[in-house]
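In what follows, residues are counted from 1 in the order of the sequence shown.
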Amino acid sequence: MLKLTLRAALGALIAVMAVLATPALAFDHQPWDDLLQAHVSEHRDGVASAVDYDGMAADQAALDDYLARLSAVDQATFKGFSNDQKLAFLINAYNAFTVKLILKQDSRPDSIRDIGSIFSGPWSQRFFTLLGEERTLDELEHQMIRGNPALMDPRIHFAVNCASVGCPALRPEAYTGEWLDAQLADSTRRFLSDRRRNRYDAEAGVLRVSSIFDWYQEDFEDSAGGLGDYLLQYADALALPAEARRNLEAGDLPVRFLDYDWSLNTASNNP
């Protein structure tokens with residue numbers, strides 16, 4: 001009888017431990033996925049995208065409901081997510097709240113940089129709540145994502161979208177913990193395959209890449225040892241010829257940074 005009781009207690013303990021070790025159910029990003037599928041179009045063979053902000057405005061009730069659900073997640077629930085679920089949650093939050101920031105303006109801005117003032121730009125606007133605190137987009141990107149070693153992945157720079165033509169494409173689907181690695185890999189390759197934002201100048205013998213690689217160079221260097229080493233991983237996407245690849249590997253290929261296009265990421269600005 002005692003053996004049976006101990007065995008039952010041990011079984012119950014194992015069951016409880018299994019439950020505690022299991023990540024919390026993933027947050028449902030389907031409403032954001034539906035909005036993206038309806039109002040984001042791919043351009044130039046999928047290396048760029050454009051947002052129909054009028055369409056998003058017409059569906060603002062659905063957007064606001066999704067944002068409210070994001071804001072309702074508390075720290076305890078978030079801690080129960082897997083790391084991939086956490087990162088997907090934060091990327092989607094950044095992108096969705098950025099769309100909301102555009103829609104909040106009295107008139108559609110020509111650029112996100114038109115929002116705010118010289119003392120308080122768009123990324124320092126404290127206009128939403130996440131994980132129990134009022135936040136800015138800067139805090140979300142630089143503290144909650146980039147500032148968390150467990151979540152930081154240089155590919156996030158090709159996933160968070162600042163509502164500008166120069167940004168990597170806003171995917172017409174939500175990020176999810178289940179598919180995050182594949183989605184980040186695809187977004188990275190698509191961006192590096194865009195000859196408007198990353199290209200080899202054969203005449204000058206120079207690799208010209210997005211200013212993103214300048215602004216966040218340390219992130220790419222930390223993951224690969226150097227910016228050239230990071231870019232070399234994507235030599236195929238960059239369409240580098242053999243000689244340029246050898247020069248990049250040897251550190252002999254000059255890398256220059258292109259001007260950033262801050263125009264709002266609409267179809268008219270991104271044909």
Side-chain angles (χ1 to χ4, degrees), residues 31-64 66-67 70 90-128 135-142 145 156-175 187-188 190-199 209-216 257-271:
W32 178 231
D33 191 271
D34 292 341
L35 287 166
L36 292 170
Q37 289 191 46
H39 304 303
V40 175
S41 56
E42 292 186 329
H43 291 246
R44 294 188 276 117
D45 297 323
V47 299
S49 69
V51 179
D52 174 10
Y53 287 101
D54 290 339
M56 283 285 190
D59 274 342
Q60 191 153 194
L63 175 62
D64 287 345
Y66 173 70
L67 297 178
L70 289 175
L90 295 176
I91 291 172
N92 288 332
Y94 186 97
N95 293 341
F97 279 114
T98 296
V99 169
K100 178 62 178 180
L101 180 62
I102 299 298
L103 298 183
K104 274 169 53 69
Q105 308 312 304
D106 293 335
S107 59
R108 196 80 72 239
D110 294 326
S111 167
I112 190 172
R113 294 203 299 180
D114 295 338
I115 297 172
S117 67
I118 190 173
F119 302 106
S120 179
W123 299 284
S124 59
Q125 304 283 313
R126 199 168 296 281
F127 71 97
F128 64 95
R135 308 280 187 179
T136 69
L137 291 173
D138 262 348
E139 290 172 352
L140 176 47
E141 179 180 6
H142 303 305
I145 299 178
I156 64 101
H157 294 298
F158 313 113
V160 295
N161 183 276
C162 63
S164 302
V165 170
C167 292
L170 179 62
R171 290 182 74 86
E173 65 177 5
Y175 286 89
S187 292
T188 301
R190 284 176 186 253
F191 182 67
L192 287 166
S193 298
D194 184 0
R195 297 289 81 86
R196 294 190 187 181
R197 295 179 285 190
N198 303 279
R199 57 182 178 270
V209 296
S210 167
S211 290
I212 288 172
F213 291 104
D214 183 21
W215 300 332
Y216 302 109
F257 305 108
L258 296 166
D259 292 338
Y260 206 76
D261 188 345
W262 287 103
S263 304
L264 195 65
N265 57 340
T266 59
S268 60
N269 289 332
N270 202 2

Verdict with reasoning, Leu192 to Phe213, per side chain to side chain contact (heavy atoms under 4.5 Å, CB included): CA-CA 11 Å; Leu192 287 166; Phe213 291 104; 3.5 Å; yes
Side chain to side chain contact (heavy atoms under 4.5 Å, CB included) between Ile102 and Val51, worked out: CA-CA 11 Å; Ile102 299 298; Val51 179; over 6 Å; no
Side chain to side chain donor-acceptor pair (under 3.5 Å) assessment of Asn270 paired with Arg44: CA-CA 9 Å; Asn270 202 2; Arg44 294 188 276 117; 3.1 Å; yes
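In this structure, CG on Asp194 lies 10.5 Å from CG on Asp45, to the nearest 0.5 angstrom. The distance from atom CG of Leu140 to atom CD1 of Ile91, rounded to the nearest 0.5 Å, is 9.5 Å. Distance check, rounded to the nearest 0.5 Å: CG of Leu36 to CD of Glu173 gives 8.5 Å. Here Asp59 contributes atom CG and His39 contributes atom NE2; the two are 3.5 Å apart, rounded to the nearest 0.5 Å. Between the CD atom of Glu139 and the CD1 atom of Ile145 there is a distance of 12.5 Å, given to the nearest 0.5 Å. The line from CD1 of Ile115 to CZ of Phe127 is 8.5 Å long, rounded to the nearest 0.5 Å.
Within the 4.5 Å cutoff, side-chain heavy atoms of His157 are placed close to those of Glu141. Pro122 has its side chain within reach of Leu101: a pair of non-hydrogen atoms, C-beta onward, lies under 4.5 Å apart. At least one side-chain heavy atom of Ile112 sits under 4.5 Å from a side-chain heavy atom of Ser164. Side-chain atoms of Val47 and Phe191, non-hydrogen and from C-beta on, never get closer than 4.5 Å to each other. The shortest side-chain heavy-atom distance between Ile212 and Pro168 falls under the 4.5 Å cut-off. The side-chain heavy atoms of Arg196 and Leu258, taken from C-beta on, include no pair separated by under 4.5 Å.
Here the closest heavy-atom approach between residue Val165 and residue Arg197 is recorded as O-NH1, 3.1 Å. In this structure, Val40 and Pro172 approach most closely via the heavy-atom pair O-CB, 3.9 Å. Nearest heavy atom pair, residue Ala163 against residue Thr98, reads CB-CG2, 3.8 Å. Among all heavy-atom pairs drawn from Tyr260 and Ser210, the shortest one is CE1-OG, 4.0 Å.
The side chain to side chain contact (heavy atoms under 4.5 Å, CB included) test applied to Thr266 returns Tyr53, Leu264, Ser268, Asn269, not counting sequence neighbours.
Between the side chain of Gln125 and the main chain of Gly121, a donor-acceptor pair closer than 3.5 Å is present. Between the Arg195 side chain and the Asn198 main chain, a donor and an acceptor come within less than 3.5 Å of each other. Looking only at distances, no side-chain donor or acceptor of Ser49 sits under 3.5 Å from a matching main-chain atom of Arg171. Asn95 places a side-chain N or O within 3.5 Å of a backbone atom of Asn161 that can act as its donor or acceptor partner. Between the side chain of Ser111 and the main chain of Trp262, a donor-acceptor pair closer than 3.5 Å is present.
Atom CG of Asp114 has more than 12 heavy atoms from other residues, nucleotides or ligands within 6.0 Å.
Defined by atom type and a distance below 3.5 Å, a donor-acceptor pair is missing between the side-chain atoms of Asp138 and Thr136.
Under a 4.0 Å N-O distance rule, the pair Arg108/Asp54 qualifies as a salt bridge.
Residues in residues 90-117 take part in these ring pair (Phe, Tyr, Trp, His ring centres under 6.0 Å) pairs, two or more places apart or across chains: Phe97-Phe128.
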